[in-house]
**Student:** 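A single structure is presented below for examination.
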Amino acid sequence: MFGVVVHGGAGAVARADTDDATAEARRAGLRAALAAAHAILAAGGPALDAVEAAVVVLEDDPGFNAGRGAVFTHAGTIELDAALMDGATGAAGAVAAVTTARNPIRAARAVMERTPHVLLAGPGADAFVRAAGLEVAPPDYFATAERRAQLERARARGAVVLDHGGDTPNLGTVGAVALDAAGRLAAATSTGGMTNKRYGRVGDSPILGAGTWADGRVAVSCTGHGEAFLRTAAAHAVAARMRWGGAVLEDAAREALADVRAAGGSGGLIGIDAAGRTVMPFDTGGMYRGQWLAGDAGARVAIWGEGVG
Ligand code: ASP
């Protein structure tokens with residue numbers, strides 16, 4: 001058994017506000033990410049490589065709020081957060097508020113493999129990206145006209161607009177979870193955060209146990225109101241319910257999301273367990289999501305309440 005699940009953000013994406021071309025472009029992005037991960041898993045490769053590959057595809061896609069196409073801070077800059085975790089070994093790496101890494105998830109992996117640390121942030125993380133020889137990109141590479149327009153609208157309203165808020169049909173924090181043929185689990189998440197966020201703000205995505213988690217039982221990647229996911233340790237809460245409460249993945253995920261809601265946030269998550277069971281719950285208008293499991297004819301993706309098909 002092996003499989004991969006991806007998300008491209010959860011939010012108040014109304015079907016009526018989304019034109020067909022945009023929806024199809026997002027579906028194509030999800031399929032490309034699933035295909036990249038599936039190729040690795042089908043060849044017997046590690047779950048960690050698969051989730052990294054899927055997230056790189058989505059970071060490079062300007063339609064998602066990660067890497068190219070990320071949202072702007074109030075200061076008009078782009079600050080990127082990413083993390084990945086290997087459930088088989090417990091190894092993990094993360095970066096927060098990086099501005100130069102073309103693929104923040106690759107920087108997170110380099111932190112895991114080339115430093116004794118787990119999380120590097122801000123200018124120190126950017127210095128590490130350069131020193132490690134990772135691909136860098138200028139600010140213009142990440143910036144898109146659509147995200148700049150979102151910032152202008154948010155500034156005009158004096159609001160910090162959650163990426164999954166009603167202001168935009170374009171969501172986009174991205175994540176992937178995978179189980180490989182050897183039974184190893186891994187999770188990865190990458191984001192630009194929230195439009196008009198304070199510079200220096202770090203969300204749940206790069207924080208292990210909040211937006212990203214993997215162990216021997218389950219791998220989880222979250223999207224939504226980062227502060228609520230942080231305050232409920234949402235990704236780890238799924239794993240804890242399974243480990244100590246004996247919960248099955250479906251119940252653990254639903255209950256963790258209920259806690260996020262009780263904490264004043266909304267969003268969604270993806271999860272896969274050691275048996276290859278998958279979940280993709282969300283309590284928002286939609287969530288870009290999809291999966292490709294061993295035995296499936298191809299990637300299956302969805303945006304709204306429809307089943308993944
Ligand atoms: N969770 C992300 C953050 O708060 C945003 C999102 O998923 O839309 O940074």
Side-chain angles (χ1 to χ4, degrees), residues 6-13 26 30 55 58-59 61 63-67 69-74 77-84 94-99 104-105 108 119 121 142 146-147 150-151 154 159-177 187-213 220-238 256-257 259-261 263-271 280-289 303:
V6 300
H7 72 76
V13 53
R26 300 296 170 267
L30 294 170
V55 167
L58 295 170
E59 286 178 339
D61 185 330
F64 296 97
N65 171 23
V71 300
F72 287 94
T73 67
H74 181 74
T77 56
I78 284 176
E79 297 184 355
L80 306 164
D81 300 338
L84 87 184
V95 290
V98 290
T99 61
I105 202 68
L119 171 60
F142 300 102
E146 192 175 340
R147 297 300 191 191
Q150 279 176 14
L151 174 63
V160 176
V161 177
L162 296 176
D163 180 53
H164 56 87
D167 176 64
T168 169
N170 244 333
L171 315 176
T173 289
V174 307
V177 294
T189 313
S190 182
T191 188
M194 305 185 309
T195 298
N196 208 19
K197 67 183 181 181
R198 287 187 78 99
Y199 92 93
R201 179 267 187 186
V202 175
D204 60 312
S205 306
I207 306 302
L208 299 174
T212 306
W213 182 260
V220 179
S221 172
C222 302
T223 171
H225 191 276
E227 281 69 10
F229 284 80
L230 280 164
R231 291 194 288 109
T232 57
H236 187 263
V238 175
L257 214 47
D259 284 353
V260 168
R261 195 160 194 87
S266 60
L269 61 84
I270 55 172
M280 310 175 214
F282 58 96
D283 60 14
T284 49
M287 180 167 83
Y288 297 126
R289 63 198 188 278
I303 303 176

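Remember, it's 1-based here, ligands and their atoms both numbered in the order they're listed.
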**Student:** Is a donor from one side chain sitting under 3.5 angstrom from an acceptor on the other, for Ser266 and Thr284?
**Tutor:** no
**Student:** Could you give me the CA-CA distance, side-chain angles and deciding distance for Thr73 and Glu79, then say whether side-chain hydrogen bond (donor to acceptor under 3.5 Å, both in side chains) is met?
**Tutor:** CA-CA 7 Å; Thr73 67; Glu79 297 184 355; 5.3 Å; no
**Student:** Could you tell me whether Arg201 approaches ligand 1 through its side chain, its backbone, both or neither, with non-hydrogen atoms closer than 4.0 Å?
**Tutor:** side chain
**Student:** Counting only heavy atoms, which portion of Thr223 has something under 4.0 Å from ligand 1: side chain, backbone, both, or neither?
**Tutor:**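 Both of them.
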**Student:** Show the nearest heavy-atom pair for residues Leu30 and Arg289, with the distance to one decimal.
**Tutor:**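 So the two residues come closest at CD1-N, 3.5 Å.
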**Student:** Does the side chain of Thr212 pick up a donor-acceptor pair with the side chain of Thr189 at under 3.5 Å?
**Tutor:**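 Result is yes, a qualifying pair exists.
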**Student:** Ligand 1 and His225, any nitrogen or oxygen pair closer than 3.5 angstrom?
**Tutor:** no
**Student:** For ligand 1, which atoms sit closer than 4.0 Å to a heavy atom of Asp204?
**Tutor:** 1 (N), 2 (C), 3 (C), 4 (O)
**Student:** Kindly identify the option in Gly224, Gly193, Gly267 whose heavy atom sits closest to atom 2 (C) of ligand 1.
**Tutor:**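 The option holding the nearest heavy atom is Gly224.
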**Student:** Counting distance only, does the side-chain N/O of Asp81 pair as donor-acceptor with the main-chain N or O of Pro206 below 3.5 Å?
**Tutor:** no
**Student:** Counting only nitrogen or oxygen atoms and a 3.5 angstrom limit, does Gly226 reach ligand 1?
**Tutor:** yes
